[in-house]
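Right, one structure below, let's go through it.
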Amino acid sequence: MICDAGTKARFTRPLVRWYRTAGRDLPWRNRPEPYAVYISEIMLQQTQVSTVIPYFHRFLSAYPTIGDLAAAPLEKVLKQWQGLGYYARARHLHRAACQIVEQYGGAFPSDLKALMSLPGIGRSTAGAILTIALGQRHPILDGNVRRVLCRFFAIKEDPREKKVEAMLWDLSSALLPKRLPGFYLQAIMDLGATICKPKQPICGDCPVTRACGARRAGLQADIPLKKPTKMIPHFDYVAGVILSGDAVLIRRRPLKGLLAGLWEFPGDRVAEIFGELSADESPEAALHTYFKNELGLELTTAGQWMTIKHVFTHFKMTLHVFICRIDAQLGYEAPFRWAKMKTLDQHPFSSSHHRIVLRLDTLDRGGSATLSAS
DNA sequence: TACTCGTGGAG
DNA sequence: TCTCCAAGAGT
């Protein structure tokens, strides 16, 4: 794919002109320092702008500088991240902040390779930070740029193919203007987000519609090539809300894997508790077996208390929740903990388990309504 | 290369 | 209700 000077001019000039009037006013654009741009770029990975905005404000308020972030315990950072998903981002963010403080004296690295060596920062994120915040000139290749370039240059091949991806990086690099490259990067991302959308692009409002290859060929809906949808499995999970006095039993998930480092109500996958062969056991029986095996606890539950359906990236979950009050508050060791009801919501929970926290909170305030099912 | 890793909004 | 998917990176 060639990109001569004329093509470049027909793309970048109208785009930047369009951005001057149609660009979005986003909070991190008022804070051009590397730290704020860094936080925004990490939060925006696979996450929509409208979701990120409130998190961005809260995060910057809690941790105004990279030093504040590095000094905070990981668990507090995860609490700030609660509900945003992809929690490895928060763990990497915290680790990277510590590294920047220790290795660079708290000054943000201004070198692409140095930045990319930090956890959670790939080529695109590093390029965006240096270009937008420091005025350097690096290409990016995120979902917006990939889609806009595939359409503008009418690339019909699969953009996830290594060869095509390399070509897109080259194009992204070749199109970078010498003047105000950071301005241009934000322009092309805005175009992808508001005009050149995945579905039903608004070609009539596009500043480069006349030179767009896909538009000319009428292939806007077919470019970029979509990957075939894959069936994802469904699993049944159980969780137990164990109350004793004014405390609740919770458990911290391991620091690797799904929802790493978050707290949850103890339980497991039903098939994991019984073994794969006996899948027809009831969730309630599974929960009893789990508590007997893990904690030597004989539960008495009165039917399902909540049912929570949740969809992860690669599987669907039905979470069967049971509630039970016990007398003795046994001193369980990590990763288990008895949390006072009032401090429960200070722990970071996954979205599905946080729904249990909220329900528990209304029950707690409600006073005597206690353990009735509904 | 292919899989893992969340969530909520839009249509 | 179902499907798609949003400023990717790590393994």
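Any value given below was found using the heavy atoms of this structure, including those in side chains, with hydrogens, waters and symmetry copies removed.
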Under a 3.5 Å cutoff, is there a donor and acceptor pairing between the side chains of [X] and [Y]?
X        : Y        : result
A:Ser350 : A:Glu264 : no
A:Trp263 : A:Glu75  : yes
A:Asp170 : A:Ser173 : no
A:Thr301 : A:His288 : yes
A:His347 : A:Arg337 : yes
A:Arg29  : A:Gln186 : yes

Within the structure shown, what part of the strands sits under 4.0 Å from [X] by heavy-atom distance: base, sugar-phosphate, or nothing?
X        : answer
A:Val311 : base
A:Leu26  : base
A:Thr51  : nothing
A:Val49  : base
A:Trp81  : nothing

How many whole angstroms separate atom [atom1] of [X] from atom [atom2] of [N]?
X        : N     : atom1 : atom2 : value
A:Tyr86  : B:dG8 : OH    : C1'   : 13 Å
A:Lys227 : C:dT3 : NZ    : C1'   : 14 Å
A:Met317 : B:dC5 : CE    : C1'   : 14 Å
A:Ile232 : B:dT7 : CD1   : P     : 13 Å
A:Ile140 : C:dA6 : CD1   : P     : 15 Å
A:Ile53  : B:dG8 : CD1   : P     : 16 Å
A:Leu225 : C:dC4 : CG    : P     : 14 Å

Fill in: Check: A:Thr47 side chain, B:dG6 base, donor-acceptor under 3.5 Å
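It does, because a donor-acceptor pair links the side chain of A:Thr47 to the base of B:dG6 below 3.5 Å.
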Fill in: Sole residue of A:Asp190, A:Ile188, A:Val148 in side-chain contact (heavy atoms from CB on, under 4.5 Å) with A:Leu15
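Single side-chain contact (heavy atoms from CB on, under 4.5 Å) partner of A:Leu15 among A:Asp190, A:Ile188, A:Val148: A:Ile188.
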Of the nucleotides [options], which one has an atom closest to the side chain of [X]?
X        : options             : result
A:Arg147 : B:dT7, B:dC5, C:dA6 : C:dA6
A:Thr229 : B:dC5, C:dC4, B:dG6 : C:dC4
A:Leu259 : B:dT7, B:dT1, C:dG8 : B:dT7
A:Phe312 : B:dT7, B:dT1, C:dG8 : B:dT7

Worksheet item: When you check the phosphate oxygens OP1 and OP2 of B:dT7, does a side-chain N or O of A:Tyr87 lie under 4.0 Å from one of them?
Response: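 Yes, within the criterion.
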Discussion item. Could you tell me if A:Arg13 sits above the aromatic ring of A:Trp18, with its cationic atom closer than 6.0 Å to the ring centre and no more than 45 degrees from the axis?
Written reply: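 Ring-cation test returns no.
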Practice prompt. Return the minimal non-hydrogen interatomic distance between A:Arg95 and A:Pro119, and the atom names on each side.
Written response: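 Nearest heavy atoms, A:Arg95 then A:Pro119: NH2-CB, 3.7 Å.
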Grab the N/O contacts between the protein and nucleotides 9-11 of chain C below 3.5 Å, and write none if there aren't any.
unit_1	atom_1	unit_2	atom_2	d
C:dA9	OP1	A:Gly122	N	3.0
C:dA9	OP1	A:Thr125	N	3.0
C:dA9	OP1	A:Thr125	OG1	2.7
C:dG10	OP1	A:Gly120	N	2.6

Worksheet item: Considering only heavy atoms, which members of residues 190-207 of chain A lie under 4.0 Å from some atom of DNA chain B?
Response: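 Listed by number, there are none.
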Discussion item. Take a 6.0 Å sphere around NZ of A:Lys226 and say whether it holds more than 12 heavy atoms from other residues, nucleotides or ligands.
Written reply: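 Enclosed.
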